[in-house]
*Asks:* 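Just passing along the structure, written as structure tokens.
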Amino acid sequence: MDLNLTAAEKQFRDELRAWLESNVPKDWNEWREKPLEESFSYLRAWQRKLYEGGWAAVSWPKEYGGRSATLMEQSIFWEEMARVEAPPMANSLGLGLIGPTIIAYGTEEQKARFIPKILSAEEIWCQGFSEPNAGSDLASLQTEARLEGDHYIVNGQKVWTSYGWIGSWCELVVRTDPTVAKHKGLSVLLIDMKSPGVEVRPLRQMTGESEFNEIFFRDVRVPAKNILGKVNDGWNVAVSTLMYERGSYGARLHLLFKRNINRLIELSHTFHNNGLPAAKDALTRQKLAQCYAEIEIMRWNQLRAFSRITATGVPGPEGSIQKIFWSELNQRVQQIAQEMFGAYGQLLAGDKFAVDNGIWSYGYLRTRGNTIEAGTSEVQRNIIGHFVLGLPRSY
Ligand SMILES: Cc1cc2nc3c(=O)[nH]c(=O)nc-3n(C[C@H](O)[C@H](O)[C@H](O)COP(=O)(O)OP(=O)(O)OC[C@H]3O[C@@H](n4cnc5c(N)ncnc54)[C@H](O)[C@@H]3O)c2cc1C
């Protein structure tokens, strides 16, 4: 693994740095406290700017509006975005998971129709996989699509759909053949969320936000040409989306975590536990140092994964390893923050005594979901157990 930047990688970094210097907005911190819809329009405008500069999806092939960036360049991209504290992009599922799946499985017509609007954030995408009785065991899903002439008629319910409230389109996994084994009768449909019969209901989370939703489908007519991949091959298409989801987050999160731990170290000098600055408390020091080391491990693990993909062309088990690692580490970091701040850590944005205007109370609550979203820790361990260690399947 050679981590020295090549001349081309340096050029990529310098070009990006110069662009960010003159384009990154400086007022994101003020906007993040506004209601979800207002801050979302801000993020949409930011993604549009990145798109116009050619930076919205650097990993995508040039022919689809990306830069065909190498994995090292992608890593540079996320490091530079984090360095300048750039806001996130609005269409995160479209860019990170669904766009790449459309590029891999879509027809030319689908790519031409959907890809440009994913990049520009004109159309926001959501991922309709989980159902009330199908989460970890996704293949048990029951939402059905029946072919009638040149349309599918969709009936059923999805749940926990992030961005459902703002989504223009949804990558929906449906059952197209109930007579075969459960993995074999699934297909993926691209559904216009404005279609008659689609009803989106908010789900309120413990953070106070309604970031995700329930979606009900009642006799929704979807043109048959909106199938992604082959009929009854939806399991493979959906698994591709999940691989993108699990593999892609580590690179983006590493620097965010680093920023968080550096801030905690800074605050440990001013917050007092038992009459002493937290920095002088032996246990707090041990925990901060341990998390700092683990954040470094996360970076090396990500680079090892990148290096392996560059060498072999295929993602390895690192996706699951990273997913367990970052989600559980994030919870440990937030736990230390709560221990250090005591009751102040629980105050919300807007309270004058809240630490860093409530980002720690929000962070503590939001990170509970990290070990559930994109596949639970138990499921990731099952994947590693079976596919890496050769242990028997869990089910
Ligand atoms: C913040 C957040 C965002 C999300 N966004 C989306 C989204 O946009 N689209 C979408 O489709 N879904 C989304 N989800 C749903 C998510 O994918 C599911 O919650 C997840 O797959 C787990 O499914 P479940 O909630 O049904 O739990 P279950 O599958 O019922 O699991 C319950 C418990 O049993 C354990 N368990 C289950 N099976 C096994 C097994 N074989 N071995 C060992 N333990 C097992 C689990 O680890 C868990 O602890 C989101 C979830 C969260 C928290």
Side-chain angles (χ1 to χ4, degrees), residues 36 40 88 90-99 101 124-143 154 156-175 182-183 186 188-191 193 198 200-217 228 234-235 237-246 248-249 253 319-320 323-324 326-328 330-331 334 362-387 389 391-395:
L36 210 51
F40 199 82
N91 208 359
S92 64
L93 299 185
L95 292 169
L97 334 176
I98 299 167
T101 313
I124 303 297
W125 280 74
C126 57
Q127 181 191 6
F129 284 31
S130 307
E131 296 185 1
N133 291 314
S136 301
D137 184 14
L138 182 63
S140 295
L141 64 87
Q142 289 168 355
T143 296
V154 177
Q157 183 198 343
K158 296 288 170 178
V159 72
W160 316 127
T161 318
S162 308
Y163 302 98
W165 58 279
I166 190 89
S168 322
W169 286 82
C170 179
E171 179 190 353
L172 191 75
V173 192
V174 290
R175 185 162 301 286
K182 60 183 183 179
H183 291 82
L186 303 176
V188 170
L189 289 176
L190 306 176
I191 289 207
M193 294 287 282
V198 176
V200 180
R201 293 186 198 165
L203 282 173
R204 197 169 159 86
Q205 296 158 243
M206 61 181 166
T207 55
E209 294 173 325
S210 293
E211 186 193 346
F212 48 41
N213 306 82
E214 292 179 294
I215 311 182
F216 295 86
F217 300 88
L228 183 63
W235 182 248
V237 180
V239 166
S240 288
T241 304
L242 293 174
M243 294 278 274
Y244 289 119
E245 186 171 30
R246 287 165 195 169
S248 64
Y249 279 122
L253 291 174
S320 285
K323 170 68 210 331
I324 297 178
W326 75 252
S327 54
E328 298 188 355
N330 204 14
Q331 292 179 347
Q334 296 291 338
Y362 173 85
Y364 181 80
L365 296 174
R366 179 61 184 82
T367 53
R368 298 295 98 191
N370 288 167
T371 44
I372 303 172
E373 61 195 310
T376 67
S377 287
E378 290 79 9
V379 165
Q380 307 299 341
R381 289 194 179 92
N382 282 342
I383 292 171
I384 295 169
H386 182 66
F387 292 101
L389 308 182
L391 300 174
R393 289 188 90 94
S394 67
Y395 52 90

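Along the sequence shown, residues are numbered consecutively beginning with 1. On a predicted model such as this, the values are computed, not experimentally measured, just so you know. Counting starts at 1 for both ligands and their atoms, in listed order.
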*Asks:* Only heavy atoms count here, so choose which of Phe129, Trp160, Trp125 is nearest to atom 13 (C) of ligand 1.
*Replies:*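 Result: the heavy atom closest to atom 13 (C) of ligand 1 is in Trp160.
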*Asks:* Using heavy atoms and a threshold below 4.0 Å, how should the contact between Leu138 and ligand 1 be classified: side chain, backbone, both, or neither?
*Replies:*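 Neither part.
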*Asks:* State, with a plain yes or no, whether a side-chain heavy atom of Trp125 is found less than 4.5 Å away from one of Leu190.
*Replies:*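 A side-chain contact under 4.5 Å exists here.
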*Asks:* Keeping to residues at least two apart or across chains, list the salt bridge (charged side-chain N to carboxylate O under 4.0 Å, His left out) pairs with something in residues 200-210.
*Replies:*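 For residues 200-210: Glu199-Arg201.
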*Asks:* Would you call the rings of His183 and Trp235 parallel, tilted or perpendicular, taking 30° and 60° as the class edges?
*Replies:*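 Because their plane-to-plane angle is over 60°, the rings of His183 and Trp235 count as perpendicular.
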*Asks:* Does Glu131 approach ligand 1 within less than 4.0 angstrom via side chain, backbone, both or neither, non-hydrogen atoms only?
*Replies:*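 For Glu131, no heavy atom sits under 4.0 Å from ligand 1.
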*Asks:* What are the atoms of ligand 1, with element, lying closer than 4.0 Å to any heavy atom of Gly369?
*Replies:*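 Near Gly369, the atoms of ligand 1 are 53 (C).
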*Asks:* Enumerate the atoms of ligand 1 whose separation from the nearest heavy atom of Asn382 is less than 4.0 angstrom.
*Replies:*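 With Asn382 as reference, the close atoms of ligand 1 come out as 40 (C), 41 (N), 42 (N), 43 (C).
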*Asks:* Can you tell which part of Phe212 has a heavy atom less than 4.0 Å from ligand 1: side chain, backbone, both or neither?
*Replies:*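 Just the side chain.
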*Asks:* Thr376 heavy atoms, cut-off 4.0 Å: which ligand 1 atoms fall inside?
*Replies:*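 By the 4.0 Å cutoff, the relevant atoms are 22 (C), 46 (C), 47 (O).
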*Asks:* Heavy atom to atom 19 (O) of ligand 1, shortest distance: which of Ile372, Asn370, Val173, Asn133 holds it?
*Replies:*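 Ranked by closest heavy atom to atom 19 (O) of ligand 1, first place is Ile372.
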*Asks:* Which atoms of ligand 1 are found less than 4.0 Å from any heavy atom of Arg366?
*Replies:*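 The list of qualifying atoms is 1 (C).
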*Asks:* Measuring only between side-chain heavy atoms, which start at C-beta, is Gln334 closer than 4.5 Å to Arg366?
*Replies:*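 No; the side chains remain at least 4.5 Å from each other.
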*Asks:* Flag the pair Thr241 / Phe129 as yes when at least one side-chain heavy-atom distance between them is below 4.5 Å, and no otherwise.
*Replies:*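 Yes, at least one pair of side-chain atoms sits under 4.5 Å.
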*Asks:* Do ligand 1 and Ser136 have nitrogen or oxygen atoms that lie under 3.5 Å from each other?
*Replies:*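 In this structure, Ser136 places an N or O atom under 3.5 Å from an N or O of ligand 1.
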*Asks:* Check whether the side chains of Glu131 and Gln142 place a donor and an acceptor atom closer than 3.5 Å, and report yes or no.
*Replies:*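 Checked: Glu131/Gln142 side chains show no N/O donor-acceptor pair below 3.5 Å.
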*Asks:* So, regarding Glu373 and ligand 1 (criterion: nitrogen or oxygen to nitrogen or oxygen, under 3.5 Å), is there a contact or not?
*Replies:*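 N/O-N/O distance below 3.5 Å does not exist for this pair.
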*Asks:* Could you state the interatomic distance from OG (Ser136) to CD (Gln380), rounded to the nearest 0.5 Å?
*Replies:*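 Here the interatomic distance stands at 9.5 Å.
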*Asks:* Give yes if a backbone or side-chain nitrogen or oxygen of Gln127 is under 3.5 Å from a nitrogen or oxygen of ligand 1, and no if not.
*Replies:*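 Right, the criterion is met.
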*Asks:* So how far is it from Leu203 CG to Ile215 CD1, rounded to the nearest 0.5 Å?
*Replies:*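 Between Leu203 CG and Ile215 CD1, I get 10.0 Å after rounding to 0.5 Å.
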